[in-house]
Amino acid sequence: MKVATWNVNSIAVRLPQLVEWLKTTRPDVVCLQETKCTDERFPAEPLLELGYQAVTWGQPTYNGVAVLSLHPIVDTRRGFPEAGGDTQCRLLDVVIGPIRVINVYVPNGSEVGSEKFGYKLSWLARLRRYFDESCLADQRLVLCGDFNIAPEPRDVHDPVLWEGRVLFSKPERDALRVIEQWGLVDVFRRHKSEPGLYSWWDYRAGAFRRNHGLRIDHLWATPVLADVSSSAEIDRKVRTLERPSDHAPVIAEFAVAVP
DNA sequence: ATGGTAGATACTCTA
C-alpha cells in the first residue's frame, strides 16, 4: 500500500500536475494540504476518473486538506472534537482498508514569538491530546502532512542559519517530539538517513536550484505499521516542473493487504 | 542586504 503526502499550494493551480503525477505514481492514498478550495469547488470529477475518491475539508483562500484514495474511505472526522472546534481547515482523520490516516496542515507560525507562533504551539499540543484521547498505539496508523517543522539539523540546509527561526526553533521541535513520543516513527528516516533530503524550498532566491531546503513534510506511523514499511522517498521531480508547488511529495510503501 | 516569489482575493494577507 503506497501512501503519499503533498502540499500542493492550491489544488486549482496544481490540478494538471496532480493528475499527471497520480497517473504515473498511482499511490493508494494521497494526503493533500493547502488546497485553498471550498468543498463545493473541489475538482472531484477529474480525480474520480482516475479512480480516486476524495474526502475534503476546505475554506476559501487559506489552508484546506483532502484525502484521495483508490479504496473506500470510511469513518471521516474533520478537525479537533472539542467545543468550538476549528475555524481553520487543517485536520482530516479517515480509515482506508487496514489503516487509519490522519492528514494535517500544521500552522506555519509566521515568526517566533508572534501570535501565530503561539497558535502553532497550542495547535500541536491539541494534536498530541487528540492522539491521547482518540488513537490507540496498536492501531495501524499514519500521521502525515505538512508539519512546518524540521525535526533535526540534518533536515535543514544550513542549521546554523536556521537555528531559532520559525520552522526550526527549539519550542517547535520540542512540540513535535511530544507528538512523536505518543508512539510514532518517522518512516522516511527509517529508510533514508543522509542529510540534504528536503521536501520544501522557498520560491525565492533560487532556493531549489541551490538545494536550500528543509524537510518539513512528514509521514509518521505507529511501530506496527512502520515495521512493515518497505521504502520511503521524496519525489523531487515535480519541483522541477513549470509553476510548481513549493513542496515535493513524500511517499512510503507498506506491506499491508487491502481487502 | 530584511530582500526575494507565489497564490487568492480584493486592492493585502499568508506562506
Side-chain angles (χ1 to χ4, degrees), chain A residues 5-21 31-44 46 56-66 79 86-92 103-124 127 144-151 155-169 171-173 175-176 198-218 234-250:
Chain A
T5 178
W6 189 12
N7 179 324
V8 290
N9 187 17
S10 166
I11 185 78
V13 172
R14 228 63 65 195
L15 183 62
Q17 290 181 17
L18 176 63
V19 164
E20 283 309 303
W21 184 79
C31 294
L32 303 176
Q33 304 86 35
E34 283 206 271
T35 54
K36 300 183 175 179
C37 180
T38 58
D39 296 343
E40 299 74 46
R41 291 186 176 191
F42 192 87
T56 65
W57 194 38
Q59 63 189 98
T61 312
Y62 305 118
N63 314 315
V65 283
D86 290 338
T87 56
Q88 302 182 359
C89 301
R90 297 182 177 278
L91 186 149
L92 268 178
N103 175 21
V104 293
Y105 174 49
V106 175
N108 170 281
S110 187
E111 286 188 46
V112 172
S114 67
E115 190 179 323
K116 289 191 177 69
F117 188 77
Y119 181 73
K120 181 179 195 173
L121 295 181
S122 69
W123 199 92
L124 290 162
L127 183 59
C144 65
D146 177 0
F147 287 63
N148 269 313
I149 301 169
D155 301 314
V156 180
H157 75 89
D158 187 342
V160 173
L161 177 75
W162 276 85
E163 180 63 49
R165 294 192 185 187
V166 76
L167 312 183
F168 192 57
S169 71
E172 292 165 82
R173 283 179 277 143
L176 195 60
Y198 310 128
S199 66
W200 170 81
W201 302 259
D202 199 297
Y203 282 122
R204 299 164 287 190
F208 182 69
R209 184 171 48 78
R210 302 161 195 240
N211 198 27
H212 287 182
L214 276 71
R215 193 176 69 93
I216 58 175
D217 299 87
H218 305 298
I234 297 171
D235 187 355
R236 290 174 54 101
K237 286 193 308 295
V238 292
R239 191 62 173 78
T240 68
L241 300 173
E242 194 105 0
R243 256 191 127 182
S245 168
D246 44 351
H247 297 253
V250 184

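Chain A is the first sequence line, chain B the second, and so forth, proteins listed ahead of strands; every chain is numbered from 1.
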Show me the protein contacts with nucleotides 6-9 of chain B, counting only N or O atoms at under 3.5 Å.
| residue | atom | partner | partner atom | Å |
| --- | --- | --- | --- | --- |
| B:dG7 | OP1 | A:Arg14 | NH1 | 3.1 |
| B:dG7 | OP1 | A:Arg14 | NH2 | 3.3 |
| B:dG7 | OP2 | A:Arg243 | NE | 3.3 |
| B:dG7 | OP2 | A:Arg243 | NH2 | 3.3 |
| B:dG7 | O3' | A:Ser10 | OG | 3.3 |
| B:dA8 | OP1 | A:Ser10 | OG | 2.2 |

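Rounded to an integer number of Å, the gap from NZ of A:Lys116 to P of B:dC13 is 9 Å. The CG-P distance, from A:Asn7 to B:dT14, rounds to 17 Å in whole Å. In this structure, the CZ atom of A:Phe147 is 18 Å from the C1' atom of B:dA15, given to the nearest Å.
Rounded to a whole angstrom, the distance from the C1' atom of B:dG3 to that of B:dT9 is 25 Å. B:dA10 and B:dA6 are spaced 22 Å apart, taking the P atom of each and rounding to whole Å. Comparing the C1' positions of B:dT14 and B:dG4 gives a spacing of 16 Å, expressed to the nearest Å.
Applying the side chain to side chain contact (heavy atoms under 4.5 Å, CB included) criterion to A:Pro16, with sequence neighbours excluded, gives no partner residue. The ring pair (Phe, Tyr, Trp, His ring centres under 6.0 Å) test applied to A:Tyr105 returns no partner, not counting sequence neighbours. Under the rule for a ring pair (Phe, Tyr, Trp, His ring centres under 6.0 Å), A:Trp57 has no partner lying at least two apart in sequence or in another chain. Residues passing the ring pair (Phe, Tyr, Trp, His ring centres under 6.0 Å) test with A:Phe208 are A:Trp201, sequence neighbours excluded.
Here the side chains of A:Trp6 and A:Val238 are in contact, with some heavy-atom distance below 4.5 Å.
In this structure, A:Phe208 reaches neither bases nor backbone, as no heavy-atom distance under 4.0 Å exists between it and the strands shown.
Counting only residues at least two apart or in different chains, side chain to side chain donor-acceptor pair (under 3.5 Å) contacts with residues 106-116 of chain A are absent.
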